[in-house]
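For reference, the structure is listed below as structure tokens.
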2 protein chains.
Amino acid sequence: MSASSRFAVAVHILALLETNANQALSSSSIAASVNTNPVVIRRILGRLNKAGLVHTEYGADGGTRLARSANEITLNDIYHATENCRILPLHASSPNQDCRCGRTIQPVLSTIFSSAEAAMQQVLANKSLAEVVHEMQAQAKPQACS
Amino acid sequence: MSASSRFAVAVHILALLETNANQALSSSSIAASVNTNPVVIRRILGRLNKAGLVHTEYGADGGTRLARSANEITLNDIYHATENCRILPLHASSPNQDCRCGRTIQPVLSTIFSSAEAAMQQVLANKSLAEVVHEMQAQAKPQACS
DNA sequence: TGAATATGAAACAAGTATAGTTACATTTTA
DNA sequence: TAAAATGTAACTATACTTGTTTCATATTCA
């Protein structure tokens, strides 16, 4: 059913890159903020690289930077870069095709499940990384007179 | 985490009960349609019973019937009866609270993830079991002149 | 009363995915 | 050449799902 925490960690990573846009960050320094192992970070960075969201350089003084503006990265971009599977899976093994119900349930469910997932992704598509970072900064400095 | 197909199987079960509303169905006969073990069915029926969607009777000639009209059961009711966890989980272990990003990411993500999940559930809430059964019957008998 | 039929629940195995860790080859820079 | 960084493989531990067997319990009916 549920997705992995890769998506949440990926947003964390990218928010960290945006707030430190003046320098490339190593997987070790990112891991210190996420509170995990650098290899876990590198595995996620591999997906983000493949999706073209970040750019990584080898060697001493290497590390990772955002590949485009935080305004041009949506949470849906990050979601697709980090998660594989359908949120709402169909049956583990195919139903009995000799039963009318078994024959017809999956095409109907597949359509409905796709609509449900699309609605979720639409919310993610409407939120940019820049907005997330802005909300995080508002969280860090709450207004005294709110 | 690996995905659960309980939700899809639960819809299958309830659709089968609706199309055989004249009789109580045993877990064995349901399992024959789903193509799995009766105990798997009984585990899901236990959740549906607890949620008040079906009513089960013991003994010879026992079995399960819908507890209310298929018009009054939405896919979101079934979803909540069968699935436990959040769709979009936060970090597996808490981020570094000494980092500004680590401190602020989770409350922001939690709000966004809740909105995304709510959008998905809204789609499910707008689809009744009766509609699903109707779509299945349309699937079984396509119009010749469509 | 007793046999038949059904559920509910416990226990176990197998399969799969995630998260964390160690280790090492490779690339780049100073 | 040494240092610092990545990419990747391998391994462990954990957790969840699915399928299965087994058995106690409840209900019906001859």
Side-chain angles (χ1 to χ4, degrees), chain A residues 1-10 12-13 17 23-51 54-65 67 82-96, chain B residues 1-10 12-13 17 23-51 54-65 67 82-96:
Chain A
M1 248 331 293
S2 55
S4 70
S5 66
R6 278 195 302 269
F7 178 39
V9 173
H12 185 151
I13 292 171
L17 293 179
Q23 55 187 329
L25 296 187
S26 69
S27 61
S28 293
S29 62
I30 297 171
S33 172
V34 174
N35 192 27
T36 187
N37 190 290
V39 174
V40 173
I41 301 298
R42 291 206 286 272
R43 283 201 281 243
I44 294 173
L45 285 177
R47 292 175 184 253
L48 297 175
N49 263 292
K50 196 174 294 184
V54 300
H55 182 242
T56 298
E57 280 174 359
Y58 262 56
D61 233 43
T64 302
R65 298 170 185 273
T82 51
E83 299 294 337
N84 304 319
C85 302
R86 297 196 62 158
I87 285 287
L88 300 175
L90 296 176
H91 305 55
S93 48
S94 186
N96 182 356
Chain B
M1 294 303 135
S2 54
S4 157
S5 65
R6 277 195 302 269
F7 178 39
V9 173
H12 184 151
I13 292 171
L17 293 179
Q23 55 187 329
L25 296 186
S26 69
S27 61
S28 294
S29 61
I30 297 171
S33 173
V34 175
N35 193 25
T36 186
N37 190 291
V39 175
V40 173
I41 301 299
R42 291 206 285 270
R43 281 201 282 242
I44 295 174
L45 284 177
R47 293 174 184 252
L48 298 175
N49 263 292
K50 196 174 295 183
V54 301
H55 182 244
T56 297
E57 280 173 1
Y58 263 56
D61 232 43
T64 302
R65 298 171 185 272
T82 51
E83 298 296 337
N84 304 320
C85 303
R86 296 195 62 156
I87 285 284
L88 300 175
L90 296 176
H91 306 54
S93 49
S94 187
N96 182 354

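Here is the naming used below: chain letters follow the sequence lines, and residue numbers restart at 1 for every chain.
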Indicate every side-chain donor-acceptor pair of residues 35-45 of chain A with a distance under 3.5 Å to a residue at least two apart or in another chain.
residue	atom	partner	partner atom	Å
Asn35(A)	ND2	Ser94(B)	O	2.9
Asn37(A)	OD1	Val39(A)	N	2.9
Arg42(A)	NH1	Ser27(A)	OG	3.1

task: Could you identify which residues of residues 37-47 of chain A place a heavy atom less than 4.0 Å from some atom of DNA chain D, listed by residue number, or say none?
output: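 Those residues whose heavy atoms fall under 4.0 Å from DNA chain D, taken from residues 37-47 of chain A in numerical order, are Val39(A), Arg42(A), Arg43(A).
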- prompt: Would a 4.5 Å heavy-atom cut-off, applied to side chains only, mark Val9(A) and His91(B) as touching?
  reply: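 Yes, their side chains come closer than 4.5 Å.
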field: Side chains of Leu25(B) and Thr64(B) in contact at under 4.5 Å (non-hydrogen atoms)
entry: no
statement: With sequence neighbours left out, the residues meeting side-chain contact (heavy atoms from CB on, under 4.5 Å) with Ala60(A) are none
message: Run the side-chain contact (heavy atoms from CB on, under 4.5 Å) test against Glu57(A) and tell me which residues pass, sequence neighbours left out.
response: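 Expected list: His55(A).
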With a cut-off of less than 4.0 Å, is there a side-chain N or O of [X] near OP1 or OP2 of [N]?
X	N	result
Ser4(A)	dA17(C)	no
Ser93(B)	dG20(C)	yes
Thr36(B)	dG19(D)	yes
Thr56(B)	dT7(C)	no
Ser28(A)	dA5(D)	no

Could you go through nucleotides 24-30 of chain D and list every protein N or O atom that sits under 3.5 Å from one of its N or O atoms, giving the distance for each pair?
residue	atom	partner	partner atom	Å
dT27(D)	O2	Ala60(B)	N	3.4

- prompt: Quick one: salt bridge (Lys or Arg N to Asp or Glu O under 4.0 Å) partners of Glu83(A), sequence neighbours excluded?
  reply: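 Salt bridge (Lys or Arg N to Asp or Glu O under 4.0 Å) list for Glu83(A), sorted by chain: Arg6(A).
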What's the [atom1]-[atom2] distance between [X] and [N], to the nearest Å?
X	N	atom1	atom2	value
Ile30(A)	dA4(D)	CD1	C1'	15 Å
Leu88(A)	dT17(D)	CG	P	14 Å
Arg6(B)	dG19(D)	CZ	P	12 Å
Leu48(A)	dG7(D)	CG	P	11 Å
His55(A)	dT6(D)	NE2	C1'	12 Å
His91(B)	dT18(C)	NE2	P	17 Å
Asn35(B)	dT20(D)	CG	C1'	15 Å
Lys50(B)	dG8(C)	NZ	C1'	11 Å

message: I'd like to know if the side chain of Ser26(A) reaches the main chain of Ser29(A), judged simply by a donor and an acceptor atom lying under 3.5 Å from each other, with no hydrogens or angles considered.
response: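 Looks like yes, one N/O pair under 3.5 Å.
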- line: Between Pro89(B) and Ala3(A), the two heavy atoms sitting closest are CG-O, 3.2 Å
message: Students often get this wrong, so: under 4.0 angstrom with heavy atoms, is Thr64(B) touching a base, only sugar-phosphate, or nothing?
response: nothing
field: Given DNA chain C, 5'-ward residue of the pair Gly62(B) and Ala92(B), judged by closest heavy atom
entry: Gly62(B)
- prompt: To the nearest 0.5 Å, how far apart are CG in Asp61(B) and CD in Gln23(B)?
  reply: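 Between Asp61(B) CG and Gln23(B) CD, I get 9.5 Å after rounding to 0.5 Å.
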- request: Any chance you could measure Leu88(A), atom CG, to Ile87(B), atom CD1, to the nearest 0.5 Å?
  value: 5.5 Å
